[in-house]
Amino acid sequence: MRRQVPLIITLIVGAVLIIAAFIPHHPFGRLGENFSLYFDIIAVFAFLLGGGNLVRIHGARFLRGVRTSVQEAKKGGGFWPLKFLVEFPFFAFGGLEDKRGRDWFFSLITLAGFFAMLYAGLFKIGNPDGWQGNVTQPGGLFQEFYQSMFNPLQATMYALLAFFVASASYRAFRAKTLEATILLATAFIILLGRTPAGTYATDWLPSWLDFFHIPNLANWIMAVPNLAGQRAIMIGISLGVIAMSLRVILGVERTYLGADEK
Amino acid sequence: MANGERPTFLERVQAIDRRIIFLFVALAVSLPLVFHVIFPEKISPIVSSMFDRIESLPEGSRVLISFDYSPSTVPEVQPMVDAVVRHCAARKQKLYLMALWATGQNITDETIHRVIEKEFPEYRYGEDYLNLGYKSGNQGLINVILTDMKKMYTTDVHGTAIDSIPMMAQIRNLRNFDIIFTFGGGFPGTKEWVLFAGDPGKIPVASGVTAVQAPLLYPYYPSQLLGLMGGIKGAAEYEYELIRRYPRFANVAHPGIDMMGPQAVAHLVIMLFIVIGNIAYFAGRRREAKRQGTP
């Protein structure tokens, strides 16, 4: 019964949404919209599940890390709390042999951050308009956390990408084969075409060779070969999604329910 | 390198420490910013189609802007948003702001404070612009508001009843908007707006996304997507056109144009490294072939 009920719900919801998409007339037309409203309710529970899962995973990791660190400190005798304090950075940041217990301090930071934001947002601490006001109003604790911590941390993470992209392209872009050479040439045209350098480099070309202006070439690559490739990928993905959806609706695919039980 | 031979210069170049590359990239990005290197831009057709649509809309047209991004992509996406908001406000259009991403609500507030309140003090909340805030539901939300906006939005972001807001009097669903702008770089984003609103509702959708996301959205242009701004380049093109047509915006911040300098130099540095890496690779291969006695 535990498996039959979710399968029946999936079958009904899937079938109704297909009917709603193909028969846009009353009363079927509105069914998709009504189911979307339920999706909104489910999304709220997904937030709770997501938060709960984060606490569960990082909580377990933190506890396991502390336990392993204490065991390490106790090894060799002596006054272990002092040893724990002295070797704290080693225990906290990747110094443990047991991989599952490593880097537990980051889990602690994650949990502290999560609960601090939750507390500030849920109770609207310092919000100028109190409980009735918007949680993002300037002056509130939530907004302070957002502006001073979340915002710069996310921006830093994204900015670091530029450095890794540069390093990775240096090592990966080698003209080893014909295909790699074509890829390399295309990358050069796009890189140049996305900067004014591309314009300056081919500005001297006569107008009848307009196509070979690097910005025009870059646009052509995006609008023709890229478009063809993207469309092929999208059609492939869509066919895959249709096949998988049918399998889920018909109950052939059951992995989303968890491990198969006999 | 074999038999304990010392590595040649080119072999050492091939195995260059990534921190050296990082240093060069850091210099390539920071020096143009310090010396304020700026290049002229020319608007491309994919950006100008969006710009021209805003120009052609009559005064008081309803523009929906969805903030579907997080602070990580703010440097790339925010210049586009600011330019479009300025453009719409200069054309006296009504702005409806919303977010499909939870982080988008904060960014919406910041945009209102920085652009609308500061540069357009004559704009009145509830009459000229409205903040609908964030709602969960992703594409499900779009699906619902395509036919009934008030089913999902009973209040604005400040808790004011939607029926008491003058701007919402004429709005029943997404079809009542003259254009939808979606800014972001992930899920839910442009693709979902096209699939669940633009295409079924025959509503013009325009978008501004990160440079990484742009190639994935080309299949929708020009039939389902009115126009597309990709990365800083797209933002710079829009800002340049805005300044050209509205010279009064020449003195406001234009981060898109400012960041094209660092982007141009960084691209050149990366290309230079790739060329050096290839020279070193081929030289190494030749040396290896010579050592083994093969031509």
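Letters A, B, ... mirror the listed sequences (proteins, then strands); counts begin at 1.
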Going through the checks in order, is the side-chain contact (heavy atoms from CB on, under 4.5 Å) test met by A:Phe163 and B:Leu23?
CA-CA 9 Å; A:Phe163 295 94; B:Leu23 177 71; over 6 Å; no
List the steps and the verdict of side-chain contact (heavy atoms from CB on, under 4.5 Å) for A:Ser167 and B:Phe22.
CA-CA 7 Å; A:Ser167 174; B:Phe22 291 172; 3.7 Å; yes
Would B:Lys151 and A:Asn34 count as a side-chain contact (heavy atoms from CB on, under 4.5 Å) here? Give the steps.
CA-CA 10 Å; B:Lys151 225 175 200 172; A:Asn34 293 338; 3.5 Å; yes
Test side-chain contact (heavy atoms from CB on, under 4.5 Å) on B:Glu110 and A:Asn151 and set out the steps.
CA-CA 12 Å; B:Glu110 284 165 28; A:Asn151 210 336; 4.1 Å; yes
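Both the backbone and the side chain of B:Ala26 come within contact range of chain A, each with at least one heavy atom under 4.5 Å from a heavy atom of that chain. Both the backbone and the side chain of B:Val25 come within contact range of chain A, judged by heavy atoms closer than 4.5 Å. Interface remark: B:Phe24 contributes no atoms to any contact with chain A (heavy atom separation under 4.5 Å). At a 4.5 Å heavy-atom cutoff, the contact between B:Asp109 and chain A is made by side-chain atoms alone. Heavy atoms of B:Phe196 lying under 4.5 Å from chain A are absent altogether. In this structure, chain A has heavy atoms under 4.5 Å from both the backbone and the side chain of B:Thr103. For B:Ile274, the parts lying under 4.5 angstrom from a heavy atom of chain A are both the backbone and the side chain. Contact of B:Pro215 with chain A is made through backbone and side chain together, with heavy-atom distances under 4.5 Å. With a 4.5 angstrom heavy-atom cutoff, B:Thr155 does not touch chain A via any of its atoms. Contact of A:Tyr200 with chain B is made through the side chain alone, with heavy-atom distances under 4.5 Å. With a 4.5 angstrom heavy-atom cutoff, A:Pro215 does not touch chain B via any of its atoms. Using a 4.5 Å cut-off between heavy atoms, B:Gln139 makes no contact with chain A at all. Both the backbone and the side chain of B:Leu216 have a heavy atom closer than 4.5 Å to some heavy atom of chain A. If you measure heavy-atom distances from B:Ile20 to chain A, you find no contacts under 4.5 Å at all. Contact annotation for B:Asp17: only backbone heavy atoms (N, CA, C, O) come within less than 4.5 Å of a heavy atom of chain A. Neither the backbone nor the side chain of A:Met157 comes within contact range of chain B, judged by heavy atoms closer than 4.5 Å.
Using a 4.5 Å heavy-atom threshold, the side chains of B:Thr210 and A:Tyr158 count as touching.
For the residue pair A:Gln143 and B:Asn106, a side-chain donor N or O sits within less than 3.5 Å of a side-chain acceptor on the partner.
For the options A:Arg30, A:Gln147, A:Arg171, A:Arg174, heavy-atom pairs under 4.5 Å to chain B are most numerous at A:Arg174. Interface summary for chain B: among A:Gly198, A:Ala175, A:Ala187, the most heavy-atom pairs under 4.5 angstrom belong to A:Ala175. Between chain A and the residues B:His158, B:Glu41, B:Met152, B:His113, the largest count of heavy-atom pairs under 4.5 Å involves B:Met152. Heavy-atom pairs under 4.5 Å with chain B peak, among A:Leu161, A:Asn219, A:Leu192, A:Leu153, at A:Leu192.
Heavy atoms from other residues, nucleotides or ligands lying under 6.0 Å from OH of A:Tyr256 number more than 12. When the shell of 6.0 Å around OH of A:Tyr38 is examined, it contains 12 or fewer heavy atoms from other residues, nucleotides or ligands. Within a 6.0 Å radius of NZ in B:Lys150, more than 12 heavy atoms belonging to other residues, nucleotides or ligands are found. The environment of OH in A:Tyr119 is sparse: at most 12 heavy-atom neighbours from other residues, nucleotides or ligands sit within 6.0 Å. The local environment of CZ in A:Phe212 is sparse, with at most 12 non-hydrogen atoms from other residues, nucleotides or ligands closer than 6.0 Å. Open room surrounds CZ on B:Arg18; 12 or fewer heavy atoms of other groups in view lie less than 6.0 Å from it. Atom CZ of B:Arg175 has more than 12 heavy atoms from other residues, nucleotides or ligands within 6.0 Å. Heavy atoms from other residues, nucleotides or ligands lying under 6.0 Å from CZ of A:Phe211 number more than 12.
Judged by distance alone, with hydrogens and angles left aside, the side-chain atoms of A:Arg231 form a donor-acceptor pair with the main-chain N or O of B:Pro219 at under 3.5 Å. Proximity of a side-chain donor or acceptor of A:Asn226 to a complementary backbone N or O of B:Tyr218 within less than 3.5 Å is not detected.
Residues B:Pro71 and A:Tyr146 come closest through the heavy atom pair CG-OH, 3.2 Å. Counting all heavy atoms, side chain and backbone alike, B:Ala264 lies closest to A:Thr195 at CA-CG2, 3.3 Å. The two residues B:Phe39 and A:Pro196 make their nearest non-hydrogen contact at CB-CG, 3.2 Å. Residues B:Lys233 and A:Gly193 share a closest heavy-atom pair of CE-O, 3.9 Å. Pairing each heavy atom of B:Tyr220 with each of A:Met234, the nearest pair is OH-CE, 2.9 Å. Considering all non-hydrogen atoms of both residues, B:Gln263 and A:Arg194 come closest at NE2-O, 3.4 Å.
Atom CD of residue B:Gln14 and atom OH of residue A:Tyr170 lie 6.5 Å apart, to the nearest 0.5 angstrom. A:Ile41 contributes atom CD1, which lies 10.0 Å from atom OG of B:Ser136 (distance to the nearest 0.5 angstrom).
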